[in-house]
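What follows is a set of notes on a single structure, which appears directly below.
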Amino acid sequence: MKNFLIIGASSGIGYSVLNNLIKEEQISITATYLSKEPILKSNKIEWIQFDATKQSTNQLTNKPLNGIVYCPGSINLKPFKRIKKEELLNEMNLNFFGFFSVLQMHLENMKHSESASVVAFSSVAVHKGLSFHSLVNSSKGALESLVKSLAIELAPNIRLNLIAPSLTKTPLSEKFLNTESKLEHHINNHPLKVIGDPGNIAEMVSFLLSDKSKFMTGQSIIMDGGFSL
Ligand SMILES: NC(=O)c1ccc[n+]([C@@H]2O[C@H](COP(=O)([O-])OP(=O)(O)OC[C@H]3O[C@@H](n4cnc5c(N)ncnc54)[C@H](OP(=O)(O)O)[C@@H]3O)[C@@H](O)[C@H]2O)c1
């Protein structure tokens with residue numbers, strides 16, 4: 001039996017990850033949501049309401065874990081001169097400290113696994129550099145550094161990798177894609193003439209959680225339709 005913990009499985013990419021995982025045999029998933037009542041019910045899933053910004057020190061599960069996927073994130077764009085320190089702290093809470101706490105809380109759960117895998121989300125903007133992205137890039141950049149550092153500290157039993165997507169069609173990106181002209185603009189910005197599909201990103205998560213990626217750790221995998229090039 002394999003056990004996984006998905007933080008933020010009620011919508012967007014996390015929901016696609018959950019949909020992929022429950023197709024597997026011999027699997028149990030602890031899945032969290034924040035505001036959306038979960039629609040996907042299965043005896044393989046235990047749903048828990050959880051706010052990652054509260055940084056609780058309670059474990060969400062006491063099962064041995066084969067992997068953790070941390071999905072919460074933000075796209076708050078703002079000119080640097082208008083950013084208040086409080087806003088940066090909120091970003092850090094969600095993108096960085098939330099992951100930090102979840103991982104620390106569940107290290108013991110992964111201790112006995114020979115090859116546990118942790119997946120978190122960065123953003124293509126960290127790799128490219130874009131105007132008005134300093135809030136998200138500061139917090140995702142810190143997350144990338146933490147993951148790289150822990151990939152060494154927690155090896156060989158725990159592998160950690162990130163996915164850095166470009167604009168992907170989820171509730172988070174809705175405000176950037178909610179008219180035909182915005183959608184067309186963003187599609188045209190991508191050399192492959194597509195925006196991200198959560199199901200496609202979830203396929204990469206499945207790969208990173210599986211032994212097929214057992215030679216990979218500490219990597220940030222850019223999935224961006226060629227945008228960063
Ligand atoms: N979508 C994009 O264009 C894009 C681009 C680059 C990077 N990313 C990154 O990819 C990751 C997944 O993004 P997404 O688009 O799938 O996001 P999403 O649609 O907003 O889904 C986020 C999930 O996390 C949960 N969540 C939100 N705030 C939380 C909190 N404070 N504590 C615990 N759970 C919380 C949400 O729960 P509820 O739905 O129940 O509230 C939901 O299940 C994020 O880290 C994001 O930064 C996304």
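Reckoned from all heavy atoms, side chains included, excluding hydrogens, waters and symmetry mates. Note that ligands are numbered from 1 as they come in the structure, with each ligand's atoms numbered from 1 the same way.
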May I ask you to identify the nearest protein heavy atom to [atom], giving residue, atom name and distance to one decimal place in Å?
atom                    : result
atom 31 (N) of ligand 1 : Asp51 OD1, 3.0 Å
atom 6 (C) of ligand 1  : Pro165 O, 3.3 Å
atom 43 (O) of ligand 1 : Ser10 OG, 2.8 Å
atom 39 (O) of ligand 1 : Lys36 NZ, 3.0 Å
atom 24 (O) of ligand 1 : Gly8 CA, 3.4 Å
atom 3 (O) of ligand 1  : Thr168 N, 2.8 Å
atom 48 (C) of ligand 1 : Leu172 CD2, 4.0 Å
atom 44 (C) of ligand 1 : Cys71 O, 2.9 Å

Taking only heavy atoms of [X], which atoms of ligand 1 are found under 4.0 Å from at least one of them?
X      : value
Thr53  : 31 (N)
Ala52  : 30 (C), 31 (N), 32 (N), 33 (C)
Ala9   : 43 (O)
Phe50  : 32 (N), 33 (C), 34 (N)
Gly12  : 16 (O), 19 (O)
Gly73  : 44 (C), 45 (O), 46 (C), 47 (O)
Ser173 : 3 (O)
Pro171 : 19 (O)

*Does the ring of Phe227 carry Lys128 above it, NZ/CZ under 6.0 angstrom from centre and within 45° of its axis?*
yes
*Best match, Pro72, Ala164, Ala202, Gly196: closest heavy atom to atom 26 (N) of ligand 1*: Pro72
*Identity of the nearest option to atom 30 (C) of ligand 1, non-hydrogen atoms only, from Ile6, Leu162, Asp224, Leu34*: Leu34
*In terms of side-chain geometry, is the basic nitrogen of Glu108 or Lys111 positioned less than 4.0 Å from the acidic oxygen of its partner?*
yes
_Short N-O contact, Lys214 and Asp211, less than 4.0 angstrom_ = no
*Hey, what do you get for CD1 (Ile7) to CD1 (Ile48), rounding to the nearest 0.5 Å?*
8.0 Å
Checking contacts here: is it the side chain or the backbone of [X] that comes within 4.0 Å of ligand 1, counting heavy atoms only? Could be both or neither.
X      : value
Ser166 : backbone
Ser74  : backbone
Ala120 : neither
Ser122 : backbone
Ile75  : side chain
Lys140 : side chain
Val124 : neither

Could you check whether any side-chain N or O of [X] sits under 3.5 Å from a backbone N or O of [Y], counting only pairs where one atom can act as donor and the other as acceptor?
X      : Y      : answer
Asn157 : Ala116 : no
Thr217 : Leu160 : yes
His133 : Gly129 : no
Asn93  : Phe97  : no
Arg159 : Leu208 : yes
Ser113 : Met110 : no

*asked:* Assess, by modelled atom type and distance only, whether the side chains of Ser74 and Glu91 contain a donor and an acceptor separated by less than 3.5 Å.
replied: yes
*Would you please say whether a donor-acceptor pair under 3.5 Å links the side chains of Asn178 and Lys182?*
yes
_Run Ile221 and Met204 through side-chain contact (heavy atoms from CB on, under 4.5 Å) and show every step you take._
CA-CA 9 Å; Ile221 294 137; Met204 179 59 78; 3.8 Å; yes
Check whether any N or O atom of [X], backbone or side chain, sits under 3.5 Å from an N or O atom of ligand 1, and answer yes or no.
X      : answer
Leu167 : no
Ser35  : yes
Thr170 : yes
Tyr33  : no
Leu94  : no

*With a 4.0 Å cut-off on heavy atoms, does Thr32 reach ligand 1?*
no
*Under the criterion side-chain hydrogen bond (donor to acceptor under 3.5 Å, both in side chains), which of Ser122, Ser228, Ser220 is the partner of His127?*
Ser220
*Would you mind telling me which of Lys2, Lys63, Lys44 makes a side-chain hydrogen bond (donor to acceptor under 3.5 Å, both in side chains) with Ser28?*
Lys63
*Knowing that exactly one of Leu183, Asn189, Asn188 qualifies, which makes a side-chain contact (heavy atoms from CB on, under 4.5 Å) with His185?*
Asn189
*Around atom CD of Glu24, are there more than 12 heavy atoms of other residues, nucleotides or ligands at under 6.0 Å?*
yes
_Quick one, Asn200 with Met223, criterion side-chain contact (heavy atoms from CB on, under 4.5 Å). Give me CA distance, side-chain angles, the key distance, then yes/no._
CA-CA 9 Å; Asn200 193 221; Met223 293 184 78; 4.1 Å; yes
